[in-house]
2 protein chains.
Amino acid sequence: MNQVKVTIFEDNKHLRESLFYLINGTEGFTCAGAYPDCNDLLFQLKKSLPNVVLMDIEMPGINGIEAVKLIKQHFPAIQVLMQTVFHDDNNIFNAICAGASGYILKTTSPAGYVEAIKDVYNGGSPMTGSIARRVLELFQRNISPAASTDYQLTPKEKEILQQLVKGKSFKMIADAIGSTYETVRTHMKNIYAKLHVNSNTEAVSKVLHEKIV
Amino acid sequence: MNQVKVTIFEDNKHLRESLFYLINGTEGFTCAGAYPDCNDLLFQLKKSLPNVVLMDIEMPGINGIEAVKLIKQHFPAIQVLMQTVFHDDNNIFNAICAGASGYILKTTSPAGYVEAIKDVYNGGSPMTGSIARRVLELFQRNISPAASTDYQLTPKEKEILQQLVKGKSFKMIADAIGSTYETVRTHMKNIYAKLHVNSNTEAVSKVLHEKIV
DNA sequence: AAAAACCTCACCCGATTGTGGTATATATCA
DNA sequence: TGATATATACCACAATCGGGTGAGGTTTTT
């Protein structure tokens with residue numbers, strides 16, 4: 001198995017050095033660098049090209065969340081593992097939205113650190129239950145809007161809406177479904193009434209947001 | 001602190017009874033029932049109204065995923081903790097989409113079981129790193145499409161698009177951003193050129209699909 | 001058999017939008 | 001200082017769309 005290359009960004013000197021020695025002292029892991037801030041973030045990453053970045057959330061200058069964004073923008077393959085002293089859900093949640101792959105508390109044991117890094121490297125996402133829950137809830141809301149209002153759309157109406165959200169005009173839709181322009185318009189009128197909207201944009205917006213059709 | 005009421009659905013008799021005694025034997029926890037299948041699921045839940053349901057994924061008759069759907073439909077407040085023998089990502093992932101709040105492997109220690117139940121009850125979502133990663137990836141894709149094509153939209157153009165996807169007409173947008181109808185139209189022309197579209201619906205569709213703005 | 005949904009098509013009118021111009025002011029950049 | 005990007009604004013014409021109305025047909029339900 002290849003060596004897992006890790007780069008550390010952590011302002012606390014003691015922890016930074018401890019982690020450096022921990023990682024270098026663990027079989028299968030190498031620490032490609034340990035820095036107190038993110039000022040030369042991209043340059044340092046370009047030089048070392050690590051597999052995993054261990055990133056402190058609270059840092060002077062560029063903070064951890066901004067750093068994650070930058071990293072994922074320029075090196076999408078690098079996995080970022082956040083670490084933090086506090087169990088600050090919001091911050092961690094933002095970090096995850098920015099592209100982080102997991103996070104651990106600084107109170108984690110050395111063995112736990114290694115475990116988490118390994119997990120991230122192997123495609124996992126270590127995180128505590130409360131963060132996981134927040135992600136889950138937003139996720140579940142995005143996947144299935146639960147009992148989305150039933151607008152009682154007929155099959156034909158749904159078919160037309162599907163075409164509409166593709167950006168087609170009434171004329172093109174008529175063509176696509178083998179019908180007349182006027183028929184499509186009639187259906188649209190009925191759709192508008194059912195969705196309580198009064199323009200095609202509004203309809204498309206509603207359909208895409210509420211995952212109708 | 002209140003007693004945490006747990007109901008178990010698990011076809012393996014040995015495990016079911018072990019869990020029953022484990023939970024009843026742990027301070028702060030009560031087992032409100034332990035059943036080998038989900039045939040009378042809703043009736044049993046209605047009777048016991050547990051805080052947490054421990055649900056096996058693989059079961060004869062109604063399987064765990066269907067069961068979760070039913071539970072969340074009728075008792076959205078009940079937290080469902082899935083358990084499974086295999087580390088079957090897809091199944092667990094489906095369970096989570098169906099509304100489960102976490103999951104554990106059956107190889108988990110008794111202490112781990114109790115810990116997970118407590119975590120779920122307290123609003124957490126225990127899960128392994130690999131599941132968390134799958135959720136995260138889908139989640140991040142829904143939140144930020146990573147490096148979506150950059151259309152070089154100006155701030156004003158983005159602002160107008162934001163209004164447009166709300167279903168507003170050009171006139172209303174002009175009003176909202178304190179500008180003229182004609183100005184909005186000019187911006188729209190530029191937007192169309194940049195997005196390579198030629199109708200407002202197409203623009204809205206593209207914006208919502210690619211998470212621009 | 002009557003009623004209710006659903007799909008179909010057409011015409012009118014006024015409002016909105018698409019397209020192609022032109023033009024000024026500002027700010028930033030080279 | 002000239003070039004570029006951005007925001008602003010207006011005009012005209014053709015095309016499309018929203019709203020209203022009416023009216024055939026089928027299928028399913030009652």
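The structure displayed is predicted, hence computed values, not measured ones.
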Discussion item. On a heavy-atom basis, which atom in Cys31(A) and which in Ile23(A) lie closest, and how many Å separate them?
Written reply: N-CG2, 3.7 Å
Item to complete: Would you name the heavy atoms of Leu195(B) and Lys206(B) that are closest together and state the gap between them?
Response: O-NZ, 2.9 Å
Worksheet item: Between Lys171(A) (NZ) and dG18(C) (P), how many Å, whole number?
Response: 14 Å
Practice prompt. Check for a donor-acceptor pair, side chain of Thr183(A) on one end and backbone N or O of Ser179(A) on the other, with a separation under 3.5 Å.
Written response: no
Worksheet entry | Nearest-angstrom distance from the residue atom NZ of Lys194(A) to P of dA5(C) | 10 Å
Worksheet item: Rounded to whole angstroms, how far apart are NE2 on His187(B) and P on dG20(C)?
Response: 19 Å
Worksheet item: Closest approach of Met82(A) and Ile57(A), non-hydrogen atoms and distance?
Response: CE-CG1, 3.3 Å
Worksheet item: Taking atom P of dA5(C) as reference, at what distance in whole Å does atom CD of Glu157(A) sit?
Response: 13 Å
Worksheet item: Which atom names give the shortest non-hydrogen contact between Cys38(B) and Met55(B), and what distance separates them?
Response: SG-SD, 3.9 Å
Discussion item. With the threshold set at under 4.0 Å for non-hydrogen atoms, list the residues of residues 173-185 of chain B touching DNA chain C in residue-number order.
Written reply: Tyr181(B), Arg185(B)
Worksheet item: Side chains of Tyr192(A) and Glu202(A): donor-acceptor distance under 3.5 Å anywhere?
Response: no
Discussion item. Between P on dT17(C) and CD on Gln163(B), what's the gap in Å once rounded to a whole number?
Written reply: 14 Å
Discussion item. Can you list everything that forms a side chain to side chain donor-acceptor pair (under 3.5 Å) with Lys106(B)? Sequence neighbours excluded, please.
Written reply: Glu10(B), Asp56(B)
Practice prompt. For Ser199(A), enumerate each residue passing the side chain to side chain donor-acceptor pair (under 3.5 Å) test, keeping only those at least two apart in sequence or located in another chain.
Written response: Thr201(A)
Worksheet item: Between dT19(C) atom C1' and Asn198(B) atom CG, what is the distance in whole Å?
Response: 10 Å
Item to complete: Would you classify Asn200(A) as touching base, sugar-phosphate or nothing, given that sugar-phosphate means primed atoms plus P, OP1 and OP2, and contacts are heavy atoms under 4.0 Å?
Response: sugar-phosphate
Practice prompt. Could you tell me which non-hydrogen atom of Asp11(A) sits nearest to which non-hydrogen atom of Arg16(A), and how far apart they are?
Written response: O-NH1, 3.4 Å
Item to complete: Take the protein atom CD of Glu202(A) and the nucleotide atom P of dA15(C), then report the distance between them rounded to whole Å.
Response: 19 Å
Worksheet item: Between Asn63(B) and Glu66(B), is there a donor-acceptor pair closer than 3.5 Å when you use the side chain of the first and the backbone of the second?
Response: yes
Measure all distances between protein nitrogen or oxygen atoms and nitrogen or oxygen atoms of nucleotides 26-30 of chain C, and list the pairs falling under 3.5 Å.
none

Interface polar pairs with nucleotides 21-23 of chain C, N/O, under 3.5 angstrom:
unit_1, atom_1, unit_2, atom_2, d
dG21(C), O6, Lys189(B), NZ, 3.4

Worksheet item: If you walk 5' to 3' along DNA chain D, what is the first nucleotide with an atom under 4.0 Å of a heavy atom in chain A, and what is the last?
Response: dT16(D) to dT21(D)
Worksheet, complete the sentence: Of Leu81(A), Val6(A), Leu45(A), the one forming a side-chain contact (heavy atoms from CB on, under 4.5 Å) with Val53(A) is Leu45(A)
Item to complete: Check whether any side-chain N or O of Asn122(B) sits under 3.5 Å from a backbone N or O of Gly124(B) as a donor-acceptor pair, and report yes or no.
Response: no
Worksheet entry | Between Thr7(B) and Gln44(B): side-chain donor-acceptor atoms closer than 3.5 Å | no
Worksheet, complete the sentence: Taken to the nearest whole Å, CD/Glu159(A) to P/dC7(C) is 9 Å
Discussion item. How close do Asp119(B) and Ser125(B) get, counting heavy atoms only, and between which atoms?
Written reply: OD1-N, 4.1 Å
